[in-house]
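Report on the structure given below.
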Amino acid sequence: MTQDRLLIIDGHSLAFRAYFALDASHFSTKSGLSTNAIWGFANMLTTVVNDEHPTHIAVAFDVKGGTFRNEMLPQYKGTRDAAPEDLLPQFPYIQQLLKALGITYIEKPGYEGDDIIGTLATMGSQAGMDTLVLSGDRDAFQLIDEHVTVLYPGHHFRDLKHMDEQAVLDKYKVTPAQYPDLAALRGETADNIPGVPGVGDGFAAKWIAQFGSLEGILEHSDEITGKKGEALREHIDQVRLNRKVNALVRDIDLGISLDELYCKGSHLGELDSILHTLEFGTRTRAKLLRAFPADPNDTADNSSNSSNSSDVSEETLDPSATAQQSELDPRHVVSVNVLDQQQVSELVRAEVQQVSCDSWVEEHFASLRQTQHNDESYALPERLDQASEIDSHDQSHLSHEQHFDPTKVWVLWATGSLTHAQGALETLTILAPDRHALVLNAGQAQSHATAVARLLHDFGHTCATYDAKSQMHILRALNSEALVQAYQPAYDIDLAQYVVDSQFHAKDLTELIEHTFEGIELEETQQSQEVQGAFNFDDIDNPQLLTNTFDPTPCARQAATIASVAQVLIPKAIETHQLELMQGIELPVSRVLERMEHVGAAVDEQRLDSMLERFSSEVELAQQQAYDAAGKTMNLQSPKQLQSVLFDDMGLVGVRKTKSGGYSTDAQTLQELATRYVHDERASSFLVALLRHREMNKLKQIVQSLIDEIDAHDHRIHTTFEQTVAATGRLSSTAPNLQNIPNRNMTGREIRSAFVPGDGFVSLMSCDYSQVELRIMAHASGDESLIEAFRSGTDFHRYVASLVYGVSPEDISADQRSHVKAMSYGLAYGLSTYGLAQQLQVSPAEADVLKNRYFATFGKVHDYLERLVAEAKTLGYTQTMFGRRRYFPGLHSTNRRVRDAAERAALNAPIQGTAADIMKIAMIRADQALQEMGARSRVILQIHDELVVELAAGEEAQVEAAVRDAMEHAVSLDVPLDVSTGVGADWQLAAH
DNA sequence: AGTTCGTCGTT
DNA sequence: GACGTACGACGAACTG
C-alpha cells in the first residue's frame, strides 16, 4: 500500500534529549519519580506523529550490556556520561506508555537500538514503504534511500530536518551509502571515536570523490600529500576500525513483521492508568488521544477506566480552576499565556493612531491602578531556603519574595545601540498589562521621558525587561535624571535565567527565547488572543515628530516575547527560591554596575603609550636573542613552531603533553627545561630569551588592549561587567578585561600605575577583603580553631601554621608559613596532594603530611568540604549563603576526569559564590551610602574581592569609613570580615 | 570569516 | 591517567 508510512524512532536518543531539555525539578510525581523524560518523550512523539501521520510505528531501545562494538573499540562511547540516575527509572514508564498508545517497541540483547533501526529501515524500504527514521545519530544517514528519510533534530527539537538523498549530498557532498566512509575519516566526538586529526567533512568528502570509497582512499593513501596525507597514513588502522563500528547491522532477525507495527490505537484503560501513575493531567491525555485515538476494538475493562478518568476530570473540570492551577504548576507551564515570535507576529497588528500618552496609559494601566493600593501580589514574606551548611543572620537587605501575577506584568523595552557603555535610544515600547503596546520613536521618547518615569514610579513593581543594565545605558540617552532614578524594574529575564540556571548563558534575547521555549509546546489559549495591537502615537504638541519612519511591529513583538519569557522564568525562579536573589541582589547591583560602566576609569594615556613602547622594545630584544640562540628565525608566538625548534632541532626531551598530542611549551615547562639543560648553552639561552619574550609580549598585549579601549570623548576606559556569565555568581569584565591587570610582579604591576583619578578627583582608594573565602569556610564549617584564628586578629597564616605544626607563632619559619598559606588557599579549590606538592615544589609525601596535619587541626573544615560535595551529589546542586544555586550534572558522570572536575567545582562554587554574594551586597551598600552622604566620590571598579573608588577632594576620611563599613558589615558571620584600604595617586600606589 | 587550541593574566 | 576554581584576550592554525 502506497499510503503506508513507517516511523522508526530511536527511543534512547529521544528520551535523553527530552531529559536534558526539561528541568527534572519541574516534573515529578508526589512520590518523587522524575517524569521529565517521559513527558518530553510523549510531547516530542505526538509532535512528530501530528506532523508526519505515520500508519506504522516502532520504537527501538538499547539493552543493558555491551554490544559487539565495545569488543572492537573499548573506548566506544567512552566520553558519554552515564545516564543520570533519575533518567533510567523513566524508561519502563516510557515503554508502558508506548504500549498503552498501541505502539510497538523493540529491544534486542547484543545489539544497539541503531541496529534495530537499521533492520527495520531496510525492511521498510524493501517493502516499498515510505519510511521515516527519527534519530539524533548521524550514523543513521547510511540508511537513507529513495524510500527512507531520516528526521534529524537540529538545535531546536521542533525543527526536524528531513534528510533524504539530496539533503545528504548537499550537506556532505557524498551519497548516503558513502556517508559511513566519511564519518570514519572524520570521527565522532560524541561517541569518543577519534578520526584523522585535521580532517573534517570537507577533506573527507574530497577524498571520497577522488577515490570513490574509503577502500580506494586507503589503497592510494601514499598519493595524498601534505600534513593531512601524513595524518591519514598514521591513523589508517583507526579509520578501518571506525568503519567497522559505524556500519549498522541491517539484517537482525527481529521475529516481527511490518504489519505488526500498525498503530491500532490506544488502550484507554492502560493509558489512564499510566497517566494517573505519572500524575499527568487531562491536557496531556487529550493531546495523546488526538495523536493516537482509542482503538475502537479495544473494549476490554471499560469499567475500570471510567473510575480512573473521572478521577482525573474531577480536578480539572472547572476551566477557570485549570487556568489558575496551570500558572502555578510548572508541569502545565504549556498552558500559560505563552507566545512565541510567530504567534505574536500573527496577533500584533500595527495601527498608527493619534493618541496622547497620558490617556493611553490611563486606559491600559487602569487595572493596575485599581489594585495599586490593595495589591495581593505582595504576599507574606517567605524565608529564604538555605543550605543547611551555611546560615546567614542578616538578610534584611533582601526584599520579600513575591507571588507572581502574570496579568499584572508589563514591559518597558528600549532599542538602540551601545558602545563604550554609551547608549543611544532608537525606540521605546510600553507593553501594557492588557497586551496593548505603545511604540515611541526617539523624539517621542525624549519628550515623554518624565511620563515614562512616572509610569515606572507607579508600576515599577510589576515591570519586566531584558538586560536591565543595558536598558539603563540606553535610557540615559534621554537625559532625564528622573527616568534614571525611577528605572527599577521588578523582573529582568536575563537575570532570571541566570539565577535559575547560571550554567546556561544566552548571548542575546533571541537565544534566551529559544532556550526558554525549548521542549515546551505552545498551545493557543484565549489569553493570547488578548494581544490586540501595537499602536504608535504621534505627539500632537510636536508636529515635527509626526512622521513615523519605522515599523513599530517588531518592537511590540519583542516586548510581548519578553512578557512571555517572564511568564515562564519568574515562576521557575520562585519555585527554586531564586527570586529574592534576583530582586534583592542582582537587580540592585546591576544599577551600581551600570553607573560604574558609565563613569569608567581614567587612565594616563602618555604613561600607557610609553609603557607600550618600552615593552615593545623588550619584546624585540628578547626575540633577537632567541633567534641568535636558535640560529634561525621563527614565530615565537607559535607553539607549533616552538615545538619543532625545542624538541626536534635542539633535541630536548619534552616534559608534558598537550591535549592534542604535542609537547607543551608553557612557561612551567620552559622553566623546567631551563634547569634541566642548564649546561646546554644554546638551549638554555634560547629558553631564557623565550621566557622573557613571553612575559614582555603579554604585558605589551595588555597595554595595547587598554589603549584600544580608551574612549575618545572622555579619555576614560569603560569596561563592561558581565553579570550573567560566571556560573559561580562572580562578575566578569570585558572590553577591556580590567579584572586581570597584572599584580604579581613589579614589571606587570606597573600597568596599574596608569589608572589615575580623573579630572576633578584627587586620588584612588583600593579596598579589599582579606581572606574572604577562608572566612566563609570558617563560618560555614563552624570550626572553632579556624574561627579563633580569625578572631585573634594576628598574622593569620602564621597563627594557623603554629596550630598545624604545634609550635609557637614566633618559631614558624618562612617556609612553614608559606606552605600553610598555600594549603589554606588550595582548600577552596579542591586541591589534590599532587597539586599541592607541585605548587610547593616538595615531594607528594611531604605534601600529604602537611595535608593530614592540617585536617587534623581543622577537622570541621574537612567535614564541611566533604559535606558540600555529598550534598551536591544528592541535591544535584550547591547553594551559597544567599541561596544562589549552581547545578552539577557532571557529578554523576562515569568519566572520572569529568566527575573529579565536577567535584572540585561543587566544592568551590558555594564558597566562591558566597564571596561573590557578599561583595555584591557590599557594592549595593557602598553605593547607597555614598549617595546618601552626597559624596562625589564613586566606586569605579570591582575585582572580585576589591573595590576601587575614585576620591573627590576632602572626602577621603568619610568615604573610607563608609565603604569600609559597607564591606565589613555586608553580612554578619561568626568571624569578622576584614577590609584593608589604601589611598594613592594611582591604582598601584593605592595598594596596601 | 569563524572556530578551536594553547598560552597566560587575574582572583 | 590525571592531579586548583572562575574568567577573558590574544595569536596561530585550521575550518569553511
Side-chain angles (χ1 to χ4, degrees), chain A residues 186 189 197-206 227-228 231 502 505 634-643 656-670 690-691 694-695 697-706 708-709 719-722 725-745 747-749 751-752 768-769 771-773 822-823 825-839 844 847 886 895-913 915-916 919 942-946:
Chain A
R186 175 200 57 202
T189 5
V199 172
D201 290 335
F203 270 88
K206 209 176 92 184
K227 290 222 174 84
K228 293 186 198 289
S502 59
H505 178 235
M634 75 219 75
N635 186 343
L636 294 177
Q637 297 186 107
S638 160
K640 209 169 179 184
Q641 296 182 35
L642 285 179
Q643 276 170 39
R656 293 176 301 116
K657 295 225 174 183
T658 63
K659 241 197 297 201
S660 51
Y663 283 109
S664 172
T665 64
D666 65 15
Q668 198 196 332
T669 306
L670 299 181
L690 181 55
L691 279 162
R694 280 264 173 87
E695 188 187 357
N697 198 237
K698 187 76 185 181
L699 296 177
K700 178 187 160 191
Q701 282 176 5
I702 289 174
V703 171
Q704 184 65 59
S705 75
L706 293 177
D708 290 344
E709 295 287 349
T719 185
T720 300
F721 289 104
E722 296 289 346
V725 166
T728 50
R730 272 191 177 179
L731 302 174
S732 77
S733 157
T734 62
N737 181 355
L738 294 186
Q739 292 181 321
N740 73 340
I741 305 300
N743 197 18
R744 290 199 178 147
N745 57 52
T747 336
R749 198 174 299 161
I751 298 177
R752 294 187 170 223
D768 63 71
Y769 282 119
Q771 312 109 359
V772 237
E773 298 187 351
M823 175 74 208
Y825 280 113
L827 284 180
Y829 297 133
L831 184 61
S832 65
T833 321
Y834 179 89
L836 185 64
Q838 286 271 300
Q839 194 188 318
R886 177 174 171 190
N895 182 325
R896 221 186 109 183
R897 232 189 80 253
V898 173
R899 204 174 56 241
D900 282 354
E903 285 186 9
R904 287 192 298 272
L907 180 140
N908 172 261
I911 300 167
Q912 187 181 114
M919 180 50 113
Q942 187 252 47
I943 306 95
H944 308 304
D945 63 3
E946 174 187 6

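Throughout, protein chains are lettered first and strands after them, A, B, ... in sequence-line order, and every chain is numbered starting at 1. Since this is a predicted model, take the numbers as computed values, not measurements. These numbers come from the heavy atoms of this one structure, side chains and all, not from hydrogens, waters or symmetry mates.
Residue Ala667(A) is classed as a sugar-phosphate contact, given heavy-atom separations below 4.0 Å to backbone atoms only. Residue contacts for Asn635(A): at a heavy-atom cut-off of 4.0 Å it reaches the sugar-phosphate backbone alone, with no base atom in range. Within 4.0 Å of Gln701(A), counting heavy atoms only, lie sugar-phosphate atoms of the nucleic acid but no base atom. Residue Arg886(A) is classed as a sugar-phosphate contact, given heavy-atom separations below 4.0 Å to backbone atoms only. When heavy atoms are screened at a 4.0 angstrom cut-off, Ala916(A) is found touching no nucleic acid atom at all. Within the nucleic acid shown, Leu836(A) has no heavy atom closer than 4.0 Å to any nucleic acid atom. Counting non-hydrogen atoms under 4.0 angstrom, Ser733(A) reaches the backbone sugars and phosphates but no base. As judged by a 4.0 angstrom heavy-atom cut-off over every strand, Ala915(A) is placed among residues making no nucleic acid contact. Gln641(A) comes within 4.0 angstrom of sugar-phosphate atoms only, judged by non-hydrogen atoms across all strands, and of no base.
Residues forming a side chain to side chain contact (heavy atoms under 4.5 Å, CB included) with Gln641(A) (at least two apart in sequence, or on another chain): Met634(A), Asn635(A), Ser638(A). Take Phe721(A) and apply the ring-ring contact (aromatic ring centres under 6.0 Å, His included) test, not counting sequence neighbours, and it matches no residue. The salt bridge (charged side-chain N to carboxylate O under 4.0 Å, His left out) test applied to Arg749(A) returns no partner, not counting sequence neighbours. Applying the ring-ring contact (aromatic ring centres under 6.0 Å, His included) test to Tyr825(A) and every residue at least two apart in sequence or in another chain returns His797(A). Residues forming a side chain to side chain contact (heavy atoms under 4.5 Å, CB included) with Ala847(A) (at least two apart in sequence, or on another chain): Thr833(A), Leu836(A), Ala837(A), Val842(A).
Look at Ser832(A) and you won't find any side-chain N or O under 4.0 angstrom from OP1 or OP2 of dA2(C). Residue Arg904(A) places at least one side-chain N or O closer than 4.0 Å to OP1 or OP2 of dT5(C). Phosphate proximity of dG6(B) to Ser660(A): present, with a side-chain N or O under 4.0 Å from OP1 or OP2. Between Ser638(A) and dG11(C), a side-chain N or O to OP1/OP2 separation shorter than 4.0 Å is absent. Of the side-chain N and O atoms in Ser732(A), one or more sit less than 4.0 angstrom from OP1 or OP2 of dG8(C).
Closest to the Ile702(A) side chain, of the nucleotides dA13(C), dG6(B), dG9(B), is dG9(B). Taking only side-chain atoms of Arg694(A), from C-beta outward, the nucleotide of dA13(C), dC8(B), dA2(C) with the closest atom is dC8(B). Here the nucleotide nearest the side chain of Thr728(A), chosen from dA6(C), dC10(C), dT10(B), is dA6(C). Closest contact between the side chain of Asn740(A) and the listed nucleotides dG9(B), dG4(C), dA6(C) involves dG9(B). Comparing atom distances between the Arg730(A) side chain and each of dT7(B), dG8(C), dA6(C) picks out dA6(C) as nearest. Nearest nucleotide to the side chain of Ser664(A), out of dG8(C), dT7(B), dA9(C): dT7(B). Distances from the side chain of Lys698(A) to the nucleotides dA6(C), dG6(B), dG8(C) place dG8(C) closest. Closest to the side chain of Tyr829(A), out of dC7(C), dT5(C), dG8(C), is dT5(C). For Pro639(A), whose side chain is taken as the heavy atoms from C-beta onward, the closest listed nucleotide among dG4(C), dC3(C), dT7(B) is dT7(B). In the set dG8(C), dA2(C), dA12(C), dG8(C) carries the atom at the smallest distance from any side-chain atom of Asn737(A).
Side-chain atoms of Thr658(A) and Ser664(A) include no donor-acceptor pair closer than 3.5 Å. Of the N and O atoms on the side chains of Arg694(A) and Thr665(A), at least one donor lies less than 3.5 Å from an acceptor on the other residue. With 3.5 Å as the limit, one finds no donor-acceptor pair spanning the side chains of Thr728(A) and Arg886(A). Defined by atom type and a distance below 3.5 Å, a donor-acceptor pair is missing between the side-chain atoms of Thr734(A) and Asn737(A).
One interatomic measurement links the two molecules: CD of Glu695(A) to C1' of dT7(B), which rounds to 14 Å at whole-angstrom precision. Straight-line distance from the NZ atom of Lys640(A) to the C1' atom of dC14(C): 9 Å, rounded to whole Å. Taking atom CD1 of residue Ile741(A) and atom P of nucleotide dA9(C), one finds them 11 Å apart after rounding to whole Å. Atom CG of Leu699(A) is separated from atom C1' of dG11(C) by 16 Å (rounded to the nearest Å). For the pair Leu907(A) CG and dA6(C) P, the computed distance is 11 Å after rounding to whole Å. Following rounding to the nearest Å, Leu731(A) (CG) and dT5(C) (P) show an atom-to-atom distance of 21 Å. Look at CG on Leu642(A): it is 10 Å from P on dC8(B), rounded to the nearest Å. Rounded to whole angstrom, the span from the CG atom of Asn697(A) across to the C1' atom of dC8(B) amounts to 11 Å.
Counting atom types as modelled, Gln912(A) pairs a side-chain N or O with a base atom of dT5(C) as donor and acceptor under 3.5 Å.
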Under 3.5 Å for both distances, Watson-Crick or G-U wobble, that's the pair rule; now give the dot-bracket for DNA chain C, with | marking pairs to another strand and [ ] for crossing ones.
.....||||||||||.
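Comparing dG1(C) with dC8(B), their C1' atoms are spaced 25 Å from each other, to the whole Å. Distance check on atom P: dT3(B) versus dT5(C) gives 26 Å, rounded to whole Å.
With rounding to the nearest 0.5 Å, the separation of CD in Gln942(A) from CE in Met919(A) is 5.0 Å.
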